[in-house]
Amino acid sequence: MTSASDKPVVTRFAPSPTGFLHIGGARTALFNWLFARHHGGKFLLRIEDTDRVRSTKEAIDAILDGMRWLALDWDGHEYYQSQFWARHAEIAHKMLDRGQAYRCYMTQEELAAQREAAQRERRPFRIESPWRDVTESQGDKPFVIRLKAPREGETVIDDRVQGRVTVQNSEIDDFVLLRSDGTPTYMLAVVVDDHDMGVTHVIRGDDHLNNAFRQLAIIRAMGFPEPVYAHVPLIHGPDGAKLSKRHGALGVDAYRDELGMLPEAVSNYLLRLGWGHGDAEIISRDQAVEWFDLDHVGKSPSRFDFKKLENLNGHYIREADDARLTALIAPKIGLSGKQQQMLVRAMPELKARAHDVNQLADGARFLFAERPIDVDQAAAALLTDEARALLGAAHQELAALANWDAASLEAAIREVAESQGAKLGKLAQPLRAALTGRTTSPGIFDVLALLGRDESLARIADQMEPKE
RNA sequence: GGCCCCAUCGUCUAGCGGUCCAGGACGUCGCCCUUUCACGGCGAAAACACGGGUUCGAGUCCCGUUGGGGUCACCA
């Protein structure tokens with residue numbers, strides 16, 4: 001057998017740098033990474049910058065940045081496909097010499113004419129080059145090198161995810177290996193690079209399944225060892241259509257910067273999208289490495305569910321270290337070092353209420369608001385004359401309080417409420433409005449403790465007189 | 001349209017012929033906890049697309065129908 005499955009595992013992620021690292025690519029990278037780590041193999045990164053026009057430095061940086069954020073470390077340096085053009089051309093010419101490829105001198109016009117004819121006669125278009133069996137060079141005329149694809153028989157791929165897939169060889173056309181400018185096409189470059197890099201397992205999007213048959217034709221022509229293929233179903237939007245910009249097909253940087261997601265949440269979500277392990281939902285990276293396999297990757301596309309991601313993110317925020325979360329939101333609301341210390345102390349109360357980092361920042365704002373603080377409409381409605389009277393009583397009691405800690409504060413506030421013949425809520429809600437400017441916040445005693453005596457008393461006093 | 005693939009609650013999934021009147025999670029709806037909002041706890045509604053086979057027995061195997069997706073470049 002030429003099967004590569006008994007050799008040390010080598011996987012790769014091969015994005016084309018024409019944009020950010022999108023969420024589907026991130027999952028492909030994750031699966032490759034997980035598979036390699038699970039088997040103690042190598043995970044390589046190759047930038048497919050064959051398309052010089054569309055490839056940009058910014059896109060490359062965005063991809064590397066995204067992978068680092070998701071903690072998908074690759075082994076060795078990253079490879080750049082454009083560096084291997086000479087090698088690609090060498091292989092193309094080798095195939096030419098062996099009669100497995102040919103120089104095709106067809107013009108764009110001739111090609112278009114064939115395509116139109118096929119359309120007119122309502123039959124599938126497949127290139128029919130008159131040069132397929134011509135071996136002599138035609139001098140200076142521009143040409144491309146095409147694969148002389150087999151026309152008889154069939155090709156079978158034992159895909160680790162999709163199962164046994166068979167295609168008639170007559171379906172495979174004489175696609176271009178080397179362009180007229182001497183650069184390789186994707187189809188050639190992938191095969192040569194994967195071979196040269198020793199890739200044993202090709203794990204990628206299902207949209208490449210059809211390509212696998214074309215690539216296999218090159219591999220067999222060259223006598224390269226055949227990699228194990230695993231074509232993972234694509235991620236669809238909530239409406240079932242291919243994930244697009246208006247869905248969640250944002251770059252992972254947007255999940256971090258705009259949506260306020262934690263990398264472990266994104267990673268966990270992506271892992272569970274298309275793969276499962278019994279009832280497990282919350283899966284650590286270590287656990288994932290131990291459990292991950294290709295056998296449990298589903299065969300059908302899955303829809304992106306933002307609600308579930310958000311829920312997972314809330315879970316990981318609650319688990320996250322307070323100092324780390326503080327560092328994450330401090331720049332968003334511009335905090336001094338001292339304020340950050342306060343934020344760290346408030347974090348346990350704050351993080352239980354947030355599903356993303358933006359909500360976390362938003363929930364923290366009241367702590368650092370300048371007096372007199374803004375009171376939103378719903379909170380202002382709470383500050384009735386009756387409520388102000390209660391606030392006055394509370395202010396008096398609190399001003400005389402010896403110890404400013406949550407327990408003492410609770411006892412004091414309860415006492416005030418009782419002496420005024422009011423339920424706790426009657427006092428707590430106006431107090432919340434005065435202290436935070438909102439109707440929802442962390443526990444009121446914690447808020448008092450966090451804000452401190454002076455600030456708390458001042459904020460209460462600010463609301464004791466009616467506003468005009 | 002040709003070729004290829006797919007099909008369990010709204011969504012992600014468990015299930016690899018009998019232990020499934022189908023389990024978990026998100027979401028939804030109730031209840032509890034409670035000063036608010038969350039968190040947490042408890043509970044409910046909710047699925048094997050349809051039709052044929054195979055088998056003592058099918059969500060699990062086969063075929064078809066329907067539906068969905070992918071792909072058909074000198075792009076990757």
Side-chain angles (χ1 to χ4, degrees), chain A residues 14-18 48-51 53-55 81 104 106 108 111 115 118-119 122-127 142-146 159 162-163 165-168 170-173 175-181 183-187 189-190 205-211 213 231 233-234 236 238 240-242 269 272-282 295-296 298-312 314-315 318 349-355 359 363 378-379 382 410 413-414 417 423-433 436 438-445:
Chain A
S16 56
T18 55
E48 310 243 312
D49 55 347
T50 310
D51 187 338
V53 188
R54 294 200 297 156
S55 301
Q81 191 154 67
C104 176
M106 285 179 81
Q108 293 294 345
L111 231 35
R115 195 169 288 126
Q119 210 158 45
R122 294 170 56 82
R123 62 177 161 77
F125 169 70
R126 195 138 302 125
I127 184 150
F143 63 89
V144 298
I145 295 181
R146 286 184 187 279
D159 193 275
Q162 300 297 338
V165 184
T166 306
V167 160
Q168 296 304 312
S170 56
E171 295 292 329
I172 300 168
D173 59 349
F175 58 90
V176 174
L177 298 171
L178 208 63
R179 301 186 187 112
S180 49
D181 65 358
T183 61
T185 59
Y186 160 78
M187 219 62 78
V190 180
D206 199 17
D207 50 340
H208 284 290
L209 182 56
N210 289 292
N211 289 336
F213 290 92
H231 288 92
L234 302 178
H236 286 172
K242 192 175 180 178
Y269 178 71
R272 282 287 290 102
L273 198 58
W275 178 87
H277 185 88
D279 289 343
E281 295 288 348
I282 304 293
D295 303 323
H296 290 82
K299 301 172 83 169
S300 53
S302 38
R303 302 185 186 201
F304 196 88
D305 182 0
F306 195 79
K307 285 285 191 188
K308 189 152 184 174
L309 204 208
E310 196 178 40
N311 174 276
L312 226 31
H315 169 87
R318 268 170 263 132
E349 280 295 316
L350 259 22
K351 67 185 182 184
R353 294 170 168 75
H355 289 115
Q359 288 174 7
L382 250 27
E410 173 162 4
I413 294 295
R414 283 187 187 279
K423 285 202 156 192
L424 183 54
K426 281 284 187 190
L427 172 55
Q429 278 305 85
L431 205 45
R432 185 185 319 283
T436 71
R438 299 191 177 186
T439 53
T440 68
S441 80
I444 199 65
F445 312 119

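In what follows, chains carry the letters A, B, and so on, assigned in the order in which the sequence lines appear, proteins first and then strands, with residues in each chain numbered from 1.
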Base-pairing mate for A38(B) - Watson-Crick or G-U, with both contacts under 3.5 Å: none

Any donor-acceptor pair under 3.5 Å joining the side chain of Arg353(A) to the base of C37(B)? yes

Taking atom [atom1] in both [N] and [M], compute the distance separating them and give it to the nearest angstrom.
N      : M      : atom1 : result
U54(B) : C61(B) : C1'   : 8 Å
A22(B) : C9(B)  : P     : 14 Å
A46(B) : G51(B) : C1'   : 25 Å
C29(B) : U65(B) : P     : 42 Å
A38(B) : G27(B) : P     : 12 Å
U60(B) : A7(B)  : C1'   : 14 Å
C48(B) : U8(B)  : C1'   : 4 Å
G10(B) : G2(B)  : P     : 31 Å

Give the nucleotide from the list U13(B), C4(B), C74(B) with an atom nearest to the side chain of Asn210(A). C4(B)

Report yes if a side-chain nitrogen or oxygen of [X] is closer than 4.0 Å to either non-bridging phosphate oxygen (OP1 or OP2) of [N]; otherwise report no.
X         : N      : answer
His296(A) : C16(B) : no
Arg432(A) : C37(B) : no
Thr183(A) : C74(B) : no
Arg303(A) : G68(B) : no
Arg146(A) : C74(B) : yes

Asp49(A) (side chain) donor-acceptor with Ser55(A) (main chain) under 3.5 angstrom: no

So which protein N/O to nucleotides 26-33 of chain B N/O distances come out below 3.5 Å?
from   : atom 1 : to        : atom 2 : distance (Å)
C26(B) : O3'    : Asn311(A) : ND2    : 3.3
C26(B) : O2'    : Lys308(A) : N      : 3.3

